[in-house]
Colleague: 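What follows is a structure written as structure tokens; I'll ask about it next.
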Amino acid sequence: MRRGAARPPARGTAPTFPGVAELEAVDRDVFRGGTRGLPVHLGQIAVQGQLAAGRTVGSGHPLHSVQAQFPRPPREEHSVVYLVDRVRDGATSVTRRVTGVQAGEVVCAMHLSYQRGWRGGHQLRAPRVPPPEALERWRTDPRELGDLLVDLRLAAGPAPAAGPGTAAGGPAGRGARSGGKGPGRPIAWVRLVEGLPDDQRLHAGALTYIAGHAAAALANWPPPAARAPVGGEPSRAAALDHAAWFHRPFRADEWLLLVQDSPSGAGPRTFTRATFFDRDGLLVASTAQELALG
């Protein structure tokens, strides 16, 4: 069990997830996100906004769902201020609204719900794939922050295009697009590289980060020629919005099986959705995103 608590890094050292998720309490229901000298990106904003809302909710109400929109791209290396609205505090459910503001402009709008846990119900069955230990780690760009923080291992799906620092693992072809048409269905093992404390909201934030990184990395496999690197820089997919539902407790620093598909794509936009299973086959979370392909 990878449960060691990780400490935020000092400036100039390798980034860690607690450093990415760092928040400063400015006032009641007002928080400022740290940057640690790193460029601010949408995955970081989604995590910080989610954790800012969680700081205003008691531990008896775990996070149930989050919907976020990103109306404009953030400016690099500028902190974001998160304003939390306490929409509702009920006995069984709590609702929060978060607005992320940077330099006087809204860069994130989030709606979150917290629910007391329920038992029973039904779920999808996890697919049978090779274990993560039998697969190689795959990276789209070793310089990308997500590639440093997230261990992603392809278990089934179309083979990624070769590139600097790319290591493809797992069988190719299962879930591949026929004749280059239709969505791929990549399946991958994912986890946060470092251990985290026993804080379920921190793990939920980490899964939000993992989901965003994986959606961008796995979008529209194999990458079409139109998305080939220009001038030596790899193209990236940027999130326009993000939604997540958390079904059961889990640990983001332990292996989760991600099953992703893309029901629709038109022009530069593509819609992706994913389900996350733990190693016991329990469905722990579901996510959906719309991406702008650069």
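Computed from a predicted model, the values in this text were never measured in an experiment.
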Colleague: Does a salt bridge link Arg191 with Glu254, judged by any charged N lying under 4.0 Å from a carboxylate O?
Modeller: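 Salt bridge: no.
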
Colleague: Would you tell me whether Thr208 and Gln50 have side-chain atoms, one donor and one acceptor, within less than 3.5 Å of each other?
Modeller: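 Their side chains do contain a donor-acceptor pair, which is all the 3.5 Å distance test asks for.
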
Colleague: Any side-chain heavy-atom pair from Phe31 and Thr56 closer than 4.5 angstrom?
Modeller: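 When only atoms from C-beta onward are counted, Thr56 and Phe31 do touch, with a gap below 4.5 Å.
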
Colleague: Under 6.0 Å from the CD atom of Gln69, do we count more than 12 heavy atoms belonging to anything else shown?
Modeller: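 Atom CD in Gln69 is not packed in, count stays at 12 or less.
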
Colleague: So does Arg97 have more than 12 non-hydrogen atoms from other groups sitting under 6.0 Å from CZ?
Modeller: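 Counting neighbours around CZ of Arg97, 12 or fewer heavy atoms of other residues, nucleotides or ligands fall under 6.0 Å, so no.
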
Colleague: Does CZ in Arg269 sit with more than 12 non-hydrogen atoms of other residues, nucleotides or ligands closer than 6.0 Å?
Modeller: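 Open.
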
Colleague: Hey, does Val80 have a side-chain heavy atom less than 4.5 Å from the side chain of Gln44?
Modeller: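 Not in contact.
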
Colleague: Taking all non-hydrogen atoms of both residues, which atom of Ile187 and which atom of Pro127 are closest, and how far apart?
Modeller: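 It is CD1-CG, 4.0 Å.
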
Colleague: With heavy-atom distances below 4.5 Å as the criterion, would you say the side chains of Leu282 and Phe250 are in contact?
Modeller: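 No, their side chains stay 4.5 Å or more apart.
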
Colleague: Can you name the side-chain contact (heavy atoms from CB on, under 4.5 Å) partners of Arg88, sequence neighbours left out?
Modeller: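 So Arg88 forms a side-chain contact (heavy atoms from CB on, under 4.5 Å) with Ser93, Thr95.
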
Colleague: Does the side chain of Trp255 reach to within under 4.5 Å of the side chain of Pro131, using non-hydrogen atoms?
Modeller: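 No, their side chains stay 4.5 Å or more apart.
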
Colleague: Taking atom CD of Gln67 and atom NE2 of His242, what is their separation to the nearest 0.5 Å?
Modeller: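 If I round to the nearest 0.5 Å, the distance is 9.0 Å.
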
Colleague: Any pair with a residue in residues 208-217 that passes salt bridge (Lys or Arg N to Asp or Glu O under 4.0 Å), sequence neighbours left out, goes on the list, sorted by first then second residue, please.
Modeller: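 As it turns out, there is no salt bridge (Lys or Arg N to Asp or Glu O under 4.0 Å) pair with a partner in residues 208-217 once direct neighbours are skipped.
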
Colleague: What is the distance from atom SG of Cys108 to atom CZ of Arg72, rounded to the nearest 0.5 Å?
Modeller: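 Going from SG on Cys108 over to CZ on Arg72, the span is 12.0 Å.
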
Colleague: Can you tell me if Glu194 uses its side chain to pair, donor with acceptor, with the backbone of Phe17 under 3.5 Å?
Modeller: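 Yes.
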
Colleague: What are the two closest non-hydrogen atoms of Leu196 and Asp253, and how far apart are they?
Modeller: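 For Leu196 and Asp253, the tightest heavy-atom pair comes out as N-OD2, 2.9 Å.
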
Colleague: I'd like to know if Leu202 and Leu145 are part of one continuous hydrophobic network [Ile/Leu/Val/Met/Phe/Trp/Tyr, side-chain heavy atoms within less than 4.5 Å].
Modeller: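 The answer is yes; both residues are in one hydrophobic cluster.
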
Colleague: Within the 4.5 Å heavy-atom criterion, are Val150 and Tyr209 side-chain neighbours or not?
Modeller: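 They are in contact (side-chain heavy atoms under 4.5 Å apart), so the answer is yes.
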
Colleague: To check you understand the geometry: which heavy-atom pair defines the closest contact between Ala52 and Leu23, and what is its length?
Modeller: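 Scanning both residues completely, I find the closest heavy atoms to be N-CD1, 3.5 Å.
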
Colleague: Of all the heavy-atom pairs spanning Ile210 and Ala252, show the shortest one and how long it is.
Modeller: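 Looks like CD1-O, 3.9 Å.
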
Colleague: Could you give the distance from CZ (Phe277) to CZ (Arg125), rounded to the nearest 0.5 Å?
Modeller: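 Result: 10.5 Å between the selected atoms.
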
Colleague: What closest approach, in Å, do Gln102 and His78 show between heavy atoms, and which atom pair accounts for it?
Modeller: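 Gln102 and His78 have their closest heavy atoms at NE2-O, 2.8 Å.
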
Colleague: Would Val107 end up clustered with Leu83 when hydrophobic side chains under 4.5 Å apart are linked, directly or stepwise?
Modeller: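 Val107 and Leu83: separate clusters.
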
Colleague: With sequence neighbours left out, what residues match Ala285 under side-chain contact (heavy atoms from CB on, under 4.5 Å)?
Modeller: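 With neighbours one apart ignored, the set is Leu207, Phe246, Phe276.
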
Colleague: So, taking the atom named CG in Leu257 and the one named OG1 in Thr275, what distance separates them when rounded to the nearest 0.5 Å?
Modeller: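 The distance works out to 7.5 Å.
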
Colleague: Would Val20 and Leu149 satisfy side-chain contact (heavy atoms from CB on, under 4.5 Å), going step by step from the backbone distance to the final call?
Modeller: CA-CA 10 Å; Val20 168; Leu149 299 182; 3.9 Å; yes

Colleague: Tell me, do Arg248 and Leu283 make a side-chain contact under 4.5 Å, heavy atoms counted?
Modeller: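 When only atoms from C-beta onward are counted, Leu283 and Arg248 do touch, with a gap below 4.5 Å.
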
Colleague: Do His213 and Asp147 have side-chain atoms, one donor and one acceptor, less than 3.5 Å apart?
Modeller: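 There is such a pair between these side chains.
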
Colleague: Do Thr270 and Ser262 get their side chains close enough for a donor-acceptor pair, meaning under 3.5 Å?
Modeller: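 Yes, Ser262 and Thr270 have a side-chain donor paired with an acceptor closer than 3.5 Å.
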
Colleague: Side chains of Ser286 and His247: any donor to acceptor distance under 3.5 Å?
Modeller: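 Short answer, yes.
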
Colleague: Would you please test Leu218 and Leu258 for side-chain contact (heavy atoms from CB on, under 4.5 Å) and show each step?
Modeller: CA-CA 11 Å; Leu218 304 178; Leu258 177 156; 4.1 Å; yes

Colleague: Taking all non-hydrogen atoms of both residues, which atom of Tyr114 and which atom of Arg96 are closest, and how far apart?
Modeller: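 Answer, listing the atom of Tyr114 first, then Arg96: CE1-CG, 4.1 Å.
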
Colleague: Strictly distance-based, threshold 3.5 Å: is any side-chain N or O of Asp261 a donor or acceptor partner for the main-chain N or O of Pro263?
Modeller: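 Side chain of Asp261 to backbone of Pro263: no pair is present.
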
Colleague: Mind running salt bridge (charged side-chain N to carboxylate O under 4.0 Å, His left out) on Asp278 and Arg251 for me, showing each step along the way?
Modeller: CA-CA 9 Å; Asp278 66 16; Arg251 295 192 64 87; over 6 Å; no

Colleague: Of Leu51, Val101, Val98, which is the lone residue that meets side chain to side chain contact (heavy atoms under 4.5 Å, CB included) with Tyr82?
Modeller: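 The option that passes is Val98.
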
Colleague: I want to check something: taking the side chain as every heavy atom from C-beta on, are Trp245 and Val66 in contact at a cut-off of under 4.5 Å?
Modeller: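 The answer is no, as the side chains (C-beta and beyond) never meet within the 4.5 Å cut-off.
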
Colleague: Could you measure the distance from the NE2 atom of His61 to the OG1 atom of Thr92? Nearest 0.5 Å is fine.
Modeller: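 His61 atom NE2 to Thr92 atom OG1 measures 6.5 Å (nearest 0.5 Å).
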
Colleague: Is it true that the NZ or CZ of Arg137 lies under 6.0 Å from the centre of Trp189's six-membered ring and within 45 degrees of the ring axis?
Modeller: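 Output no; distance or angle outside limits.
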
Colleague: Rounded to the nearest 0.5 Å, what separates atom CG in Asp151 from atom CG in Leu192?
Modeller: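 Result: 9.5 Å between the selected atoms.
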
Colleague: Passes side-chain contact (heavy atoms from CB on, under 4.5 Å), Val30 versus Val81? Steps please.
Modeller: CA-CA 7 Å; Val30 181; Val81 174; 3.8 Å; yes

Colleague: Less than 4.5 Å apart, any side-chain heavy atom of Asp85 and any of Asp29?
Modeller: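 When only atoms from C-beta onward are counted, Asp29 and Asp85 do not touch, as no gap falls below 4.5 Å.
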
Colleague: Applying the 4.5 Å side-chain criterion to the ILVMFWY set and letting contacts propagate, would Leu42 and Leu240 be lumped into a single cluster?
Modeller: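 No, Leu42 does not connect to Leu240 through the hydrophobic network.
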
